[in-house]
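Report on the following structure.
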Amino acid sequence: MTSKLPLFESLGAASEKTAVILDIGAAYTKVGFAGEPSPRSIIPSEVKRSRSGNVERVDIHTTDSEELYNVLIDFIHYLYFRHLLVNPRDRRVVICESILCPTLFRDTLARALFKHYEVPSVLFAPSHLVTLFTMGINTAIVLDAGYTETLVLPVYEGIPIINGWQALPLAAKSIHKNLETSILENGTVTAQSSEPRPLSSIMCQVPEHILEDIKVRTCFVPEHAKARMIQESLLAGDSNKRPVPPPSVEYPLGGDKILHIDGKVRETACEPLFYLDNDEQSIATLVLDAILQCPIDTRKELAENITCIGGTSLLPGFRQRLKAELLDLLNRPKYKNELPISTVKFHNPPSVANYTAWFGGAIFGALDILPHRSLSREAFLKYNKVPDWSSLDEQVLEVETIPKEKSSLTPLGALVSRQFTKDK
């Protein structure tokens with residue numbers, strides 16, 4: 001063992017230290033190192049403030065830059081010195097971000113990393129694009145079902161088709177709201193020494209962490225045919241036409257209180273994602289509408305390369321239901337004439353869906369191209385500007401000469417494909 005330590009230390013001293021990969025989501029943050037298959041930690045996007053002691057959520061959509069800056073200072077400190085246990089000055093940073101990430105959040109995060117923690121460089125990478133790196137493909141339509149919204153973005157030959165993005169506020173938050181309404185109306189609570197009581201008589205609202213735990217442990221997405229029968233029975237007001245629900249379950253609320261969750265609640269909690277609203281939109285229509293926004297010669301290939309990421313897509317039956325909904329919509333007049341597609345296919349990324357984007361960032365962070373694609377601390381302090389990931393402004397992005405084949409005009413996806421080919 002002692003003979004291996006000097007060799008290990010010499011290797012670490014001769015090569016650059018692996019980059020830190022950071023994916024800050026609305027509900028959870030994934031953090032780890034480049035070249036690793038999974039994050040070191042997946043934690044809630046919240047932090048206990050150093051001054052007040054209050055626990056505050058990292059609000060990506062806030063408009064108060066100074067308050068956000070102070071929250072990020074505490075949050076990044078928690079990440080580095082509680083979970084990563086490394087010096088921020090020694091390692092580059094790759095941040096996986098959504099294309100809808102507000103500019104204020106990007107600028108404030110970069111300011112906190114560069115000015116307070118003095119990291120060497122930062123790369124902002126679009127999460128939908130780096131997802132494709134995990135599978136070694138250049139073309140796909142990526143559906144990200146997270147906490148606050150579901151976002152769909154087509155990527156063709158390593159280039160995101162920006163005008164094809166589609167989004168709806170249908171995700172885990174919608175499921176939690178529907179689940180809370182259902183269990184407050186139908187849920188009953190029993191104790192060892194009392195008769196069953198309605199849950200609404202004990203609490204007027206259910207804490208978010210309990211809703212999430214109930215959703216993960218008990219809820220699922222029913223099949224398309226069964227969901228249609230349930231919807232028809234509700235519209236007709238005839239409970240006899242409703243298919244047999246799954247069995248009820250018991251959920252411990254703490255102490256001797258047991259919450260009884262009806263089987264009907266379990267199978268209908270996720271239905272807001274798939275029911276057509278007044279504008280005839282659902283997460284299934286997002287995929288087809290995104291394909292329609294793409295050039296006609298790319299549509300068939302995109303439909304045969306669908307990838308689902310995000311924690312909400314981990315629900316049992318989610319992908320099977322989405323596929324059935326897509327095939328059903330393709331037979332309707334709205335899409336049948338414009339999308340002559342008969343098959344849709346899904347990819348299986350080599351990681352869990354809730355951190356697939358992080359894994360893609362970990363792959364890119366391990367490539368030799370990272371230093372040439374990142375925004376250095378010197379450039380940020382000089383220009384005080386964070387270019388968008390699609391920016392062609394080389395003056396702001398780079399401070400060192402890079403090889404011609406690694407020019408910033410080359411798409412990220414093409415660079416990764418070249419690296420894979422070179423490695424083979």
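Since we're looking at a predicted model, the values are computed, not measured.
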Could you verify whether a donor N or O on one side chain and an acceptor N or O on the other, from [X] and [Y], lie under 3.5 Å apart?
{"X": "Arg319", "Y": "Asn348", "value": "yes"}
{"X": "Asp289", "Y": "Tyr335", "value": "yes"}
{"X": "Asp144", "Y": "His128", "value": "no"}
{"X": "Thr29", "Y": "Ser45", "value": "yes"}
{"X": "Glu212", "Y": "His176", "value": "no"}

Is it true that the NZ or CZ of [X] lies under 6.0 Å from the centre of [Y]'s six-membered ring and within 45 degrees of the ring axis?
{"X": "Arg217", "Y": "Tyr251", "value": "no"}
{"X": "Arg111", "Y": "Tyr69", "value": "yes"}
{"X": "Arg266", "Y": "Phe220", "value": "no"}

Checking the side chain of [X] only, and the main-chain atoms of [Y] only, is there a donor and an acceptor separated by less than 3.5 Å?
{"X": "Ser313", "Y": "Gly310", "result": "yes"}
{"X": "Ser374", "Y": "Ser376", "result": "no"}
{"X": "Thr150", "Y": "Leu170", "result": "yes"}
{"X": "Asn178", "Y": "Ala269", "result": "yes"}
{"X": "Asp262", "Y": "Lys264", "result": "yes"}
{"X": "Asn305", "Y": "Glu301", "result": "yes"}
{"X": "Arg40", "Y": "Val31", "result": "no"}
{"X": "Thr134", "Y": "Thr131", "result": "yes"}

Count the heavy atoms belonging to other residues, nucleotides or ligands that lie under 6.0 Å from [atom1] of [X], then report whether that count exceeds 12.
{"X": "Glu223", "atom1": "CD", "result": "no"}
{"X": "Lys300", "atom1": "NZ", "result": "no"}
{"X": "Ile296", "atom1": "CD1", "result": "no"}

Side-chain contact test, heavy atoms from C-beta onward, threshold under 4.5 Å: evaluate it for [X] versus [Y] and give yes or no.
{"X": "Leu288", "Y": "Leu326", "value": "yes"}
{"X": "Val287", "Y": "Ile306", "value": "yes"}
{"X": "Ile21", "Y": "Cys96", "value": "yes"}
{"X": "Phe105", "Y": "Ile24", "value": "yes"}
{"X": "Val86", "Y": "Phe81", "value": "no"}
{"X": "His61", "Y": "Pro102", "value": "yes"}

Cationic N near anionic O, under 4.0 Å, [X] to [Y]:
{"X": "Lys215", "Y": "Glu180", "result": "no"}
{"X": "Glu338", "Y": "Lys334", "result": "no"}
{"X": "Lys385", "Y": "Asp107", "result": "no"}
{"X": "Glu56", "Y": "Lys48", "result": "no"}
{"X": "Lys173", "Y": "Glu208", "result": "no"}
{"X": "Arg242", "Y": "Glu267", "result": "yes"}

Requested in this report: Enter the distance from His83:NE2 to Ser41:OG here, rounded to the nearest 0.5 Å.
Outcome: 5.0 Å
Query - Spacing of CG belonging to Asp368 relative to CZ belonging to Arg373, to within rounding of 0.5 Å - result: 14.0 Å
Query - Passing candidate, side chain to side chain contact (heavy atoms under 4.5 Å, CB included) with Leu286, options Leu143, Ile141, Val152, Leu151 - result: Val152
List the atom of [X], the atom of [Y], and the distance in Å for their closest heavy-atom pair.
{"X": "Phe318", "Y": "Cys308", "value": "CE2-SG, 4.2 Å"}
{"X": "Arg92", "Y": "Ser121", "value": "NH1-OG, 2.8 Å"}
{"X": "Leu302", "Y": "Cys294", "value": "CD1-SG, 3.5 Å"}

